[in-house]
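For the single chain, residues carry numbers from 1 onward in sequence order.
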Amino acid sequence: MEQRVSGPRLKMWQGWAAVAFAAVFLFAAQFILSFLQYTLTYFRILSAQTAYTIASVAYWVLGGLLGLKFLRDYVLNYLYTANTKQLRIERVYGPGRPRFVEDVYFSRLKSMGEVEELKKRFPGAKVVRATLRREKLPVKALAYDTTEGVKLLLFQPNEEMWAHLLAVFRKK
């Protein structure tokens with residue numbers, strides 16, 4: 001059984017608006033950082049080279065963070081694949097190839113349910129997230145044993161996938 005979790009697709013005008021927003025944001029950031037560079041140099045707080053380096057690094061950091069936000073919100077998908085032995089979680093960027101995130105073997109499954117309930121039952125567990133903010137499906141959790149200790153997988157299964165996982169868990 002396979003499920004792909006992806007946020008709603010952007011319409012053409014929304015895509016163009018997002019690109020325009022990114023361009024305006026980066027132009028404004030460049031303007032503000034250039035002004036900051038000039039101010040730091042004019043009042044002799046920093047040397048011209050140091051001020052330029054700080055402004056350049058800040059510009060690239062802001063651009064990188066903006067790009068990361070667009071990737072996470074509009075390009076990232078998750079692929080959940082369940083068989084009789086395991087649930088495999090993979091990350092997919094756009095039409096690219098799936099990249100491995102986590103395998104949950106059903107023989108090591110401890111509990112299934114709501115996120116808050118499992119966080120209370122397993123307070124020291126490491127959390128593995130495979131969720132999208134823009135997806136409307138509710139977030140569920142699985143607790144399972146690993147060599148590193150108990151982990152909690154947060155994911156967004158549809159009704160069919162959740163029913164399959166519950167059936168496998170009850171057989172266990």
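- Heavy-atom minimum distance, L154 versus A141: CD2-CB, 3.7 Å.
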side-chain contact (heavy atoms from CB on, under 4.5 Å) for V150 and D145? Distances and angles first, verdict last. CA-CA 5 Å; V150 177; D145 267 331; 3.5 Å; yes
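- Between K126 and T146 there is no side-chain heavy-atom pair separated by less than 4.5 Å.
- A 6.0 Å sphere centred on CZ of R99 holds more than 12 heavy atoms belonging to other residues, nucleotides or ligands.
- Remark: the backbone N or O of L137 is paired with a side-chain donor or acceptor of Q156 at under 3.5 angstrom.
- Note on V19 and V75: separate hydrophobic clusters, where clusters join Ile, Leu, Val, Met, Phe, Trp and Tyr whose side-chain heavy atoms are under 4.5 Å apart, directly or indirectly.
- If you chain together hydrophobic residues whose side chains sit under 4.5 Å apart, F106 and I89 fall into the same group.
- Cluster membership check: V104 shares its hydrophobic cluster with M161, using side-chain heavy-atom separations under 4.5 Å among Ile, Leu, Val, Met, Phe, Trp and Tyr.
- The shortest distance between side-chain heavy atoms of K151 and E102 falls below 4.5 Å.
- Linking Ile, Leu, Val, Met, Phe, Trp and Tyr whenever their side-chain heavy atoms come within less than 4.5 Å leaves V139 and L76 in two separate clusters.
- Taking hydrophobic clusters as Ile, Leu, Val, Met, Phe, Trp and Tyr residues chained together by side-chain heavy-atom distances below 4.5 Å, L46 shares a cluster with Y42.
- Shortest non-hydrogen contact noted between A55 and L33 is O-CD1, 3.6 Å.
- Residue pairs meeting the ring-ring contact (aromatic ring centres under 6.0 Å, His included) criterion with at least one partner in residues 136-167, sequence neighbours excluded, are Y80-F155.
- Looking at Q3, its side chain does come within 3.5 Å of a backbone N or O of N158 through a donor-acceptor pair.
- Heavy-atom neighbours of E160 CD from other residues, nucleotides or ligands within 6.0 Å: at or below the threshold of 12.
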Pair L153-L87, side-chain contact (heavy atoms from CB on, under 4.5 Å): steps then yes or no: CA-CA 11 Å; L153 171 68; L87 170 67; 3.9 Å; yes
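- Closest non-hydrogen pair, T41 versus A48, comes out as OG1-CA, 3.8 Å.
- Shortest non-hydrogen contact noted between A143 and F122 is CB-CE1, 3.5 Å.
- To the nearest 0.5 Å, atoms CG (L166) and CE (M112) are separated by 4.0 Å.
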Between Y78 and T131, is the side-chain contact (heavy atoms from CB on, under 4.5 Å) condition met? List the steps. CA-CA 8 Å; Y78 284 102; T131 61; 5.8 Å; no
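- Atom CD of Q30 sits about 10.0 Å away from atom CD of Q37, to the nearest 0.5 Å.
- For F31, the CZ atom is loosely surrounded, since the number of other residues' heavy atoms within 6.0 Å does not exceed 12.
- Heavy atoms only, all atoms of each residue included: L40 and A51 are closest at CB-CB, 4.2 Å.
- Atom-to-atom distance recorded for N83:CG and M1:CE is 11.0 Å, nearest 0.5 angstrom.
- Rounded to the nearest 0.5 Å, atoms CG (L66) and CG (L26) are 5.5 Å apart.
- Remark: I45 CD1 to T50 OG1 distance equals 12.5 Å, nearest 0.5 Å.
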Please determine whether side-chain contact (heavy atoms from CB on, under 4.5 Å) holds for the pair R4 and V92, giving the CA-CA distance in whole Å, both sets of side-chain angles, and the decisive distance to 0.1 Å. CA-CA 9 Å; R4 188 181 205 105; V92 183; 2.9 Å; yes
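- Using a 4.0 Å cut-off between charged side-chain N and carboxylate O, R134 and D73 make no salt bridge.
- In this structure, L62 CG and I32 CD1 are separated by 9.5 Å, a value rounded to the nearest 0.5 Å.
- Heavy-atom minimum distance, N77 versus S6: OD1-CB, 2.6 Å.
- Heavy-atom neighbours of Y52 OH from other residues, nucleotides or ligands within 6.0 Å: at or below the threshold of 12.
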